[in-house]
S.K.: 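Before I ask anything, here is the structure I am working with.
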Amino acid sequence: MKKNILSMAALLMASAAVFTACSSDDNITGEQPANPTGKYTMTINASKGGDATTRALSLGRNDADTKNVLNATWDANEEVLVYQGGSKIGTLYSAASATNETTLTGTLDSAPDAGQDLTLYFHTNATPSYAGQDGTLATIASTYDFCAPATITAGSFTVSGSTVSTISSASFGANQQAIVKFSLTDKTTTSAISATQLVVNDGTTDYTITPASATSEIYVALPGFSGQTVTLTATAGGKTYSYEKTGVSFTNGQYYEIGVKMSPIISLSGRTYLDEELVIADGYIVTGYAVSFSCKVAVADGATVTLRDVENDNGILDPSSACPGIRCIGDATIILEGNNTVKGSGMYAGIYVPEGKTLTIRGTGSLTVTGGSGGAGIGGNSEGTCGSIVISGGTITATGGSHGAGIGLGYSSGYEFGDITISGGTVTATGCDEAPGIGGPYAFFQNITITNGVTKVTVNKGSYSTYSIGTSESDDMEYCGAITIGGTVYLNEGSFENGGDSYLQTSPLVYQP
């Protein structure tokens with residue numbers, strides 16, 4: 001090996017001698033350029049402050065608070081892009097740090113102009129994207145924790161040889177997202193929901209989170225917003241769950257832990273006539289269109305259920321299919337969302353309320369409900385009593401079937417019904433034949449009270465003298481409770497009965513107390 005090295009040295013000396021002999025007039029000094037690689041090394045201190053403010057995030061305790069907070073730390077080799085004049089000129093990388101301060105070191109592809117600002121971005125200068133999240137804090141820390149860029153002003157850095165020196169630090173600005181931990185539970189069972197997907201809608205955008213494995217705790221990065229309606233939809237084990245809340249605000253740079261009690265959804269889509277009723281338990285959401293001719297639906301005693309874009313049309317193929325559109329087994333609350341259509345069939349009400357029980361209807365959606373041939377829109381079946389009805393919200397159009405009230409009794413003679421109270425929403429009630437819009441034909445009632453909202457009461461008059469609100473004939477009123485009007489009531493095609501006094505109407509009237 002040594003011999004070979006010596007031989008090579010001799011050959012090089014001979015070559016040098018030949019070159020010198022041929023170039024006796026040249027004076028080559030062997031100088032090298034000041035920056036032979038064309039790269040420039042840059043090192044700068046960097047920091048971010050506050051909760052959830054760096055891309056490396058870990059849960060911990062704040063000494064001044066017992067709640068979980070996100071500690072601001074730095075992972076090794078976090079990418080920071082360096083731009084000048086709108087062009088990327090290099091990339092810096094962070095050193096691992098257990099605090100919100102670190103040192104960024106990297107190379108620039110060209111010498112920065114000392115007369116222009118430098119702008120530093122976390123891994124992208126594009127509009128932040130929050131698509132593709134997997135629900136883990138680690139992924140948010142590495143990919144979705146964006147912040148406002150840092151600016152290194154002209155005059156605060158110099159270029160000497162291949163080194164860029166700075167006399168200031170990089171202070172990154174406010175975060176561009178909040179981080180939320182959702183803990184999901186089933187509202188009906190209080191057990192955890194092991195979700196395989198969660199969709200968060202902030203009123204304008206869907207954010208779909210797909211965990212690698214089913215989990216009830218999901219972390220989500222969301223751009224901040226104020227006063228929005230937030231809807232969560234979770235998928236777990238073939239079931240779908242929903243949750244909605246209005247007036248929600250998330251502030252960028254903040255961390256939130258939220259327990260969410262989600263309602264399971266039952267879809268009527270694809271269901272046909274059922275020999276047994278589909279009984280909806282407390283906390284459930286009902287949605288979908290019941291195809292074919294009938295789907296028997298009941299609300300469990302004491303349950304609160306939500307109707308969301310339901311269409312339950314109980315048409316008649318044979319007499320055995322006749323039933324209410326929805327039957328309340330006992331006390332019930334129905335919350336309206338979206339647009340809903342419910343129809344009774346045969347001699348049944350659109351929504352049946354049993355004697356001595358109370359149905360409460362509220363919400364922001366709409367309901368179009370129609371009774372069968374002898375049933376009320378909302379209230380009683382033909383030849384039977386019904387309970388009390390309370391309406392506090394929604395847009396409701398209730399129409400009785402033949403001889404049935406819009407809200408109250410179906411076709412009857414001498415039957416009774418409970419209180420009817422309207423305290424909000426927009427209600428249009430239409431009776432058929434001798435039935436009033438609100439009340440009952442030849443019936444006795446406790447009290448009818450309208451305290452708020454807009455109520456439009458109409459009657460399709462036949463050959464009978466019929467009141468718009470109350471009962472069919474004034475002689476029956478002495479056995480009935482009071483009618484109290486405190487909202488705005490439009491009366492069409494009939495008369496208004498209040499305490500035995502009849503107000504005949506030959507044209508529409510707006511009654512404003």
Side-chain angles (χ1 to χ4, degrees), residues 46-75 78-80 94 97-102 121-124 126-150 171-185 193 195 197-213 215-234 243 245 247-260 262:
S47 66
K48 289 178 65 182
D51 293 343
T53 52
T54 67
R55 291 178 56 223
L57 304 172
S58 61
L59 279 173
R61 294 287 184 181
N62 186 328
D63 291 340
D65 201 334
T66 59
K67 296 185 299 183
N68 275 336
V69 297
L70 288 179
N71 294 322
T73 61
W74 292 78
D75 281 340
E78 301 275 10
E79 281 192 357
V80 173
S94 65
S97 173
T99 71
N100 67 329
E101 297 182 351
T102 190
Y121 297 93
F122 272 129
H123 69 85
T124 182
T127 301
S129 172
Y130 297 94
Q133 298 184 57
D134 65 3
T136 65
L137 193 59
T139 299
I140 292 176
S142 64
T143 310
Y144 298 99
D145 191 18
F146 303 97
C147 67
S171 297
F172 289 91
N175 280 76
Q176 299 182 45
Q177 71 288 313
I179 298 174
V180 186
K181 176 187 177 183
F182 292 108
S183 297
L184 311 180
T185 58
I193 298 173
Q197 185 182 82
L198 177 67
V199 178
V200 181
N201 182 279
D202 63 1
T204 58
T205 304
D206 282 339
Y207 300 93
T208 301
I209 298 89
T210 307
S213 58
T215 179
S216 63
E217 296 185 345
I218 297 177
Y219 294 88
V220 184
L222 299 168
F225 51 80
S226 177
Q228 294 291 95
T229 296
V230 172
T231 303
L232 305 182
T233 305
Y243 174 86
K245 186 174 179 62
V248 177
S249 299
F250 289 138
T251 302
N252 286 339
Q254 297 299 308
Y255 170 67
Y256 302 84
E257 291 186 346
I258 300 176
V260 182
M262 305 191 73

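All residue numbers in this chain count up from 1 along the given sequence.
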S.K.: Determine the minimum heavy-atom distance between E101 and W74, stating which atoms define it.
M.R.: N-NE1, 3.7 Å
S.K.: Taking G227's backbone N and O only, do any of them form a donor-acceptor pair with S249's side chain (distance below 3.5 Å, no angle check)?
M.R.: yes
S.K.: Quick one, F122 and D145 - any side-chain contact, counting heavy atoms below 4.5 Å?
M.R.: no
S.K.: So how far is it from N252 CG to L222 CG, rounded to the nearest 0.5 Å?
M.R.: 10.0 Å
S.K.: From I218 CD1 over to K181 NZ, what is the distance, rounded to the nearest 0.5 angstrom?
M.R.: 11.5 Å
S.K.: Give me the atom names and distance for the closest heavy-atom approach of S171 to A150.
M.R.: O-CB, 3.6 Å
S.K.: Within the 3.5 Å criterion, strictly below it, is a donor on T73 or D75 matched to an acceptor on the partner's side chain?
M.R.: no
S.K.: Do side-chain atoms of S94 reach the backbone of E78 as a donor and acceptor pair under 3.5 angstrom?
M.R.: yes
S.K.: For the residue pair V220 and Y130, establish whether any side-chain heavy-atom pair is separated by less than 4.5 Å.
M.R.: no
S.K.: Are side-chain N/O atoms of Q133 and Y144 paired as donor and acceptor at under 3.5 Å?
M.R.: no
S.K.: Given side chains that start at C-beta, do those of F225 and V230 come closer than 4.5 Å, heavy atoms only?
M.R.: yes
S.K.: Without swapping roles, check the side chain of N175 against the backbone of Q177 for a donor-acceptor pair under 3.5 Å.
M.R.: no
S.K.: Taking all non-hydrogen atoms of both residues into account, name the closest pair between A195 and P211 and its distance.
M.R.: O-CG, 4.0 Å
S.K.: side-chain contact (heavy atoms from CB on, under 4.5 Å) between D202 and Y207: does it pass, once the steps are laid out?
M.R.: CA-CA 8 Å; D202 63 1; Y207 300 93; 3.7 Å; yes
S.K.: Would you find a donor on one side and an acceptor on the other, under 3.5 Å apart, between the side chain of T143 and the backbone of I140?
M.R.: no
S.K.: For a side-chain contact (heavy atoms from CB on, under 4.5 Å) check, start with the C-alpha distance between F182 and V200, then their side-chain angles and the critical distance, and finish with the verdict.
M.R.: CA-CA 10 Å; F182 292 108; V200 181; 4.2 Å; yes
S.K.: Quick one: do the N201 and D206 side chains pair a donor with an acceptor below 3.5 Å?
M.R.: yes
S.K.: For the pair Y256 and F250, name the ring-plane relationship: parallel under 30°, tilted 30 to 60°, perpendicular over 60°.
M.R.: tilted
